[in-house]
Amino acid sequence: MQMEPVLSLRDVCVAVRGEELLFDINLDIPQGEIHAILGPNGGGKTSLMMTIMGFSGYTVTHGKILFHGEDITHATITERARMGIAVAQQRPPTIEGVRLAQVLDYVTADDLVRENLTSRYLSETNMEGFLKREINAGLSGGEIRRSELLQLIAMRPLFAMLDEPDSGVDVGSLELIGRMINEIFSQDPLTPAKRRSGLIITHNGAMLEHVLTDKAHVIIDGRMACSGNPRLILETAGASGYEHCAACIRGEYSGVGIR
Amino acid sequence: MSQRFPDVNSYIHSDDLQPVVGDELHLETSDSTSLAEVGVLFHTGQPRSGTFMVRDLHAVCAYSEVPGLEVLPIATALAQYPWLREQYSWNLISPEEDEITRQVAEAAPEGFFLRVRAGEKISLPYQTALYMASANIAQRIHNIVIVEDGAALELITGCLTHQGVQRGLHLAVSEFYVGEDSVLTNTMVHSWGAEVTVRPRAATRVGRNGVFNSNYVSLRTGADIVSNPLTLLVGEGASANFMSVILAEKGSRVNTGSRVELNATGTSAELKHRGVSTGGQIIQGGLMIGNAACRAHVDCSGMLISHDGGAFIESIPGVRSNHRDAQLSHEASIGKIAPEQVEYLMSRGFTESEAVSMIIRGFLDAGISGLGAELDAAIQHIAEVAAQGL
Ligand SMILES: Nc1ncnc2c1ncn2[C@@H]1O[C@H](COP(=O)(O)OP(=O)(O)O)[C@@H](O)[C@H]1O
Ligand SMILES: [Mg+2]
């Protein structure tokens, strides 16, 4: 039986402050699959996630977004979050006087399992000291990753989107970040093959050693340039800084390899 | 700035109402609810060392449950203790200071006399209520608090109108004497009807190594509040901390200042204003005057949520140095709620109003948290009301 995808984008175009940034994006994430989003800086990867979450700067000018078949193109951020969509942002805002502990308390919502998981990772990531501090204030890149992933562990979303969870993370911490991500996607620790769905933006092949992805998509200049096997794409296209992909889009290769 | 002067004669202010001292309090549920909101509790086992209350024009209750803390209605105390009139009453504030003080001095004011004996540290807070249960009352109050050397007291003062009362006038002169090595914490929670005019006149003298903490939270702001307390730090090492949290809703004007004179070596003072306007006008001021080797800081911070109908926030933090070893500083900022902060919390599942409320709460809390359950509840209340005013 073919199951309905968890998330589908149909011909989605997005404008940021009146300027078109994403063009005709089509994407299906089936149940239990995690897809990687690759591509050069400024291509529109972050914009894609922010659009799916519903942030107000990102206007869908064409097409629609479906979550479990339901049209959420115009749903509020809160509605999407409560349906189970979540994002770990790359540059989350600081909020004066609001502490990480308050947000964690809110999202765990007295659920014992989530509370236990959260406190376990709090101590593993040495983030206890940040609980009483203003959220995101003065954090290093690596600390922001851990704080964002902790919040997602506390939320246990059905569909998680992670924006460069490995950037600013030193090699030694990559394993821990990988474990946190696998925790976010895990449905049941005893059957690792059973996972929740989501998206990971990364530039880093090492990340994909820790978190296995089912498929990768390359976004260049706001367009979905190609989709395929994550490792293959990283090895062939990523190595060239996506020059290869750009050339491929221009038609200089005739369907060799990855399209 | 010229202020419309409140005219006592347009309110009930004589002995039209019969005194009820000694009677049962006869608190209706609605009275208790209003009083509890400003931190004044009337249930058995309340965590208080005693209660004083003026209801409308008369003191209806004045007792202390602990030795070392003496409480009397001001008229009784003045009759009983000649030294009170000679050394303390109208000593920090002159009756001739302005129209407000004149009108209080002319009346036979109600109010409390509170004295903590030397060395006594009162562990439970003492609560006082200045309560206008009826409409169109003009309350004229005179309070004197003496915390003798080495003593400590936490005072919770609730000033309020019954929730059904819109109009009234509240004129209050308060004189606080904080002795050597003693601590007075005065936490005031106000909750006024929409057309109430409020004019407190407070003055405080702090002795060597004494500490005066003054916390002010206004839940419902009334029409018109002007407050500019004077604090004299006269003993070496004396210190004062002021904190105010104000919500100004549509139709209200709040002008809170604070004048602190740092007159002795090693004195210090800090003033923090936090104001949120959902349609009202807020002026935050403060003047720290350094007359010795001292330190003082003024921090004014406002959040203008709506600018409809002439709402504004104005910050006028001031410092004046008369001594080359005075270290004085001030800062002020007025901001708004950033949409990306609201949306960040919404992406964690908060509703928009929950997110705004948490951000306002955070703004109000920044640097002033840990002030106890009463203020916590009051600040949370303000954050929620302000979020609804969005
Ligand atoms: N909030 C914004 N305001 C203006 N331009 C933006 C904003 N966000 C993204 N952009 C622009 O959109 C393009 C795509 O950016 P982004 O989605 O961040 O790409 P990526 O994540 O792939 O590096 C870039 O040219 C960037 O400058
Ligand atoms: Mg990006």
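Lettering of chains follows the sequences in order, A, B, ..., and the numbering in each one begins at 1.
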Legend entry - From CD1 (Ile360(B)) to CD (Glu96(A)), nearest 0.5 Å: 12.5 Å
Legend entry - Other residues, nucleotides, ligands: >12 heavy atoms within 6.0 Å of Lys121(B) NZ: yes
Legend entry - Residues that Thr73(A) engages under side chain to side chain donor-acceptor pair (under 3.5 Å), provided they are two or more places apart: Asp71(A)
Inset, instruction - Please name all residues satisfying side chain to side chain contact (heavy atoms under 4.5 Å, CB included) with Leu117(A), sequence neighbours left out, ordered by chain then number. - result: Arg120(A), Tyr121(A), Ile153(A), Arg156(A), Glu183(A)
Legend entry - Non-neighbouring partners of Ser47(A) that pass side chain to side chain donor-acceptor pair (under 3.5 Å), sequence neighbours left out: none
Inset, instruction - Using only heavy-atom distances, determine whether the side chains of Glu352(B) and Thr78(A) contain a donor-acceptor pair under 3.5 Å. - result: no
Legend entry - CA sep, side-chain torsions, deciding dist, call: Leu345(B), Ile95(A), side chain to side chain contact (heavy atoms under 4.5 Å, CB included): CA-CA 10 Å; Leu345(B) 292 177; Ile95(A) 310 177; 3.9 Å; yes
Legend entry - Rounded distance [0.5 Å steps], CE in Met358(B) versus OH in Tyr106(A): 8.5 Å
Legend entry - Gap between atom CZ of Phe350(B) and atom CZ of Arg82(A) - 0.5 Å precision: 9.5 Å
Inset, instruction - List the steps and the verdict of side chain to side chain contact (heavy atoms under 4.5 Å, CB included) for Glu340(B) and Phe55(A). - result: CA-CA 8 Å; Glu340(B) 59 267 26; Phe55(A) 282 90; over 6 Å; no
Inset, instruction - Output the residues of residues 135-145 of chain A for which the shortest heavy-atom distance to chain B is under 4.5 Å, in residue-number order; output 'none' if no such residue exists. - result: Ile135(A), Asn136(A)
Legend entry - Over all atoms of both residues, closest heavy-atom pair of Ser347(B) and Ala81(A): O-CB, 3.6 Å
Legend entry - Salt bridge present between Arg80(A) and Glu343(B) (N-O < 4.0 angstrom): no
Inset, instruction - Please answer whether the main-chain N or O of Thr94(A) pairs with a side-chain N or O of Gln341(B) as donor and acceptor at a distance below 3.5 Å. - result: yes
Inset, instruction - Quick one: which of Met53(A), Met83(A), Gln151(A) has the most heavy-atom pairs under 4.5 Å with chain B, could you say? - result: Gln151(A)
Legend entry - Residue His381(B) excluded, over 12 heavy atoms near NE2 under 6.0 Å: yes
Legend entry - Residue Arg295(B) excluded, over 12 heavy atoms near CZ under 6.0 Å: no
Inset, instruction - Would you please test Glu148(A) and Arg348(B) for salt bridge (Lys or Arg N to Asp or Glu O under 4.0 Å) and show each step? - result: CA-CA 11 Å; Glu148(A) 290 286 290; Arg348(B) 299 294 182 239; 2.9 Å; yes
Legend entry - Greater than 12 external heavy atoms within 6.0 Å of His43(B)'s NE2: yes
